[in-house]
Amino acid sequence: MAVRFYNTLSRSVEPLQPLVEGKVSFYACGPTVYDYFHIGNARSFVVADIVRRYLEYRGYDVSFAMNITDIDDKIIKKAHEEGVPASEVAEKYAAAFLQDIEALGIRKPDHTPRATDTIQEIINHISGLIDAGKAYEVAGDVFYDVTSFPGYGKLSGKKLEDLVAGARVEADSRKHNPGDFALWKSAKPEEPSWDSPWGKGRPGWHIECSVMSQKFLGETFDIHAGGNDLIFPHHENEIAQSEGLTGKPFANCWLHFGFLNIDNEKMSKSLGNFFTAREIIKKYKPETLRFFYLQTHYRSPLNFSQEGLDAAEKGLERFRTLYRALQNAPDGKGVIDISASRERFNDVVDDDLNTPGGIGVLFELVKELNNGLSSTAGLSSDTKKAALEFLNATLIDLFGILKIEDDAASDEEFASLMELVLDVRSMARQEKNWGMADLIRDKLAELNIVIEDGKSGSTWKKQ
RNA sequence: GGCGACGUACCCAAGUGGCUUAAGGGGACGCUCUGCAAAAGCGUUAUUCAUCGGUUCGAAUCCGAUCGUCGCCUCCA
């Protein structure tokens, strides 16, 4: 079976059918750079990264774009609070964004366009919509006329009448319809602005994604992704703006990521349950956070907790230990069919990116391999090699959750010193001087160096 | 009020009609190894899938009702 995804547009799981055989064009909504991103944002970025990596793992040539929204109300607000230009706020947090995704092991997208670099294209797009009678200007603001687009509501399942009836839409007497939304916002004094046919102003909230995605991926592309909450109005409006102008389908497949909650509630600053990704990866390894995310299906809500992260770290350790054991074990005779695991893994993950299921398959293989390693027959060199290749492809290249640090190689001087200490200790042990042996072990433990006595001598590792 | 999602062991979490009298991880317990320990390995841990009805030869999986949790409808990943 081929790669399948749940498409919000059709509300069903569909096989991926790229426009161009073997190639996938993929766009994910990126950050608005007014603050460090939080662990909920991080989940979305990690999942988008995994979508991309999985497609590559399955042999597709992926073109991946993620925007950086660097002009927006929140940025302006923050700039006012801090008494600095909006561009400075945007610059600072855009740089932080790129740093943080790298720290999280997220591969940089092929394209990271910025709204402020795309102003001219945005103006052209809006002009096109006005010319086509789908948008109208009122005193320097431009609005999209939702009634001009018959398909409005097809993504979110909302009806125009319901939106009007809901009355939660902000009343603006200048709008022709309550559901109309701003494409261009006129500038208030002291706000950053760009010249346009409608006077000085800046792009509205949704238009930039339409323009930037089409700029890099074409008028129609394969996959568009983002958080659950973006379905309406953001993505609905993107479709209207894009298809309203081109008359062609915008994105064929819409992927939406589940939310991360804390104590089963949405994370928010006002509730005080707000953590930035920066903070968390000071305490936990980035791989642990990634693994924690991937152990839940991407569309399900995920409850964030310290216990969850601790459990993830333990599970990861199981992979690390097995990986090292495979590298170090002497050649034996036992044979395990790794390709069977690979097929099962692919089958499972092909089905709407079922990473928790895939991880389950990997853990089952770990048990099998451990059994092999501890049996008298051991494992053949071919089996070990195939297993390591498979684990490299999945745990390292695909999920990015396994990092094999070679403590000894990272600091040779320190390593030889440790060797000396261990030699002294093993002499003490040979003389059954347990007091001395234990003292060394305890003192090293205080320095976060863990000594483990095995059959073939003692080993050390940093905590 | 409208739309949608979800409820699987102590915790997390796959599975969505027969291959499952339910994967996997964490925890707990037992064993192996060990001078002791730690680590690691192995084993055990749900006749049952919120509840109640129904459809079916067969349901955790489909339908209906009930209870509960959550999200969107407003900036939000």
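All values below were derived from every heavy atom in this structure, side-chain atoms included, with hydrogens, water molecules and symmetry-related copies excluded. Below, chain A is the first sequence line, B the second, and so on; all start at residue 1.
Counting only heavy atoms from C-beta on, A:Glu364 has its side chain closest to B:A23 among B:A77, B:G35, B:A23. Listed nucleotides B:C72, B:C75, B:G27 differ in distance to A:Lys314; the shortest reach to its side chain belongs to B:G27.
Heavy atoms of A:Asn354 sit under 4.0 angstrom from primed sugar atoms or phosphate atoms, though from no base atom. Among the atoms of the strands shown, only primed sugar atoms or phosphate atoms (P, OP1, OP2) are found under 4.0 Å from some heavy atom of A:Phe363. Looking at heavy-atom distances under 4.0 Å, A:Leu260 makes contact with a base. When heavy atoms are screened at a 4.0 angstrom cut-off, A:Glu307 is found touching no nucleic acid atom at all. When heavy atoms are screened at a 4.0 angstrom cut-off, A:Asn41 is found touching base atoms of the nucleic acid.
Contact check, A:Asn228 against B:G71: no side-chain N or O comes under 4.0 Å of OP1 or OP2. Side-chain nitrogen and oxygen atoms of A:Arg318 include at least one within less than 4.0 Å of the OP1 or OP2 phosphate oxygen of B:G25. Dashed line: the shortest gap from a side-chain N or O of A:Lys367 to OP1 or OP2 of B:G43 is under 4.0 Å.
Between the side chain of A:Glu14 and the backbone N or O of A:Tyr6 there is no donor-acceptor pair closer than 3.5 Å.
Partners of A:Ala90 by side-chain contact (heavy atoms from CB on, under 4.5 Å), not counting sequence neighbours, listed by chain and number: A:Val33, A:Asp70, A:Ile75.
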Strand RNA chain B in bracket notation, Watson-Crick/G-U under 3.5 Å with | for pairs to another chain | ((((((((.[[[..)..(.....]]]((((((.......))))))....[[[[[..)....]]]]])))))))....
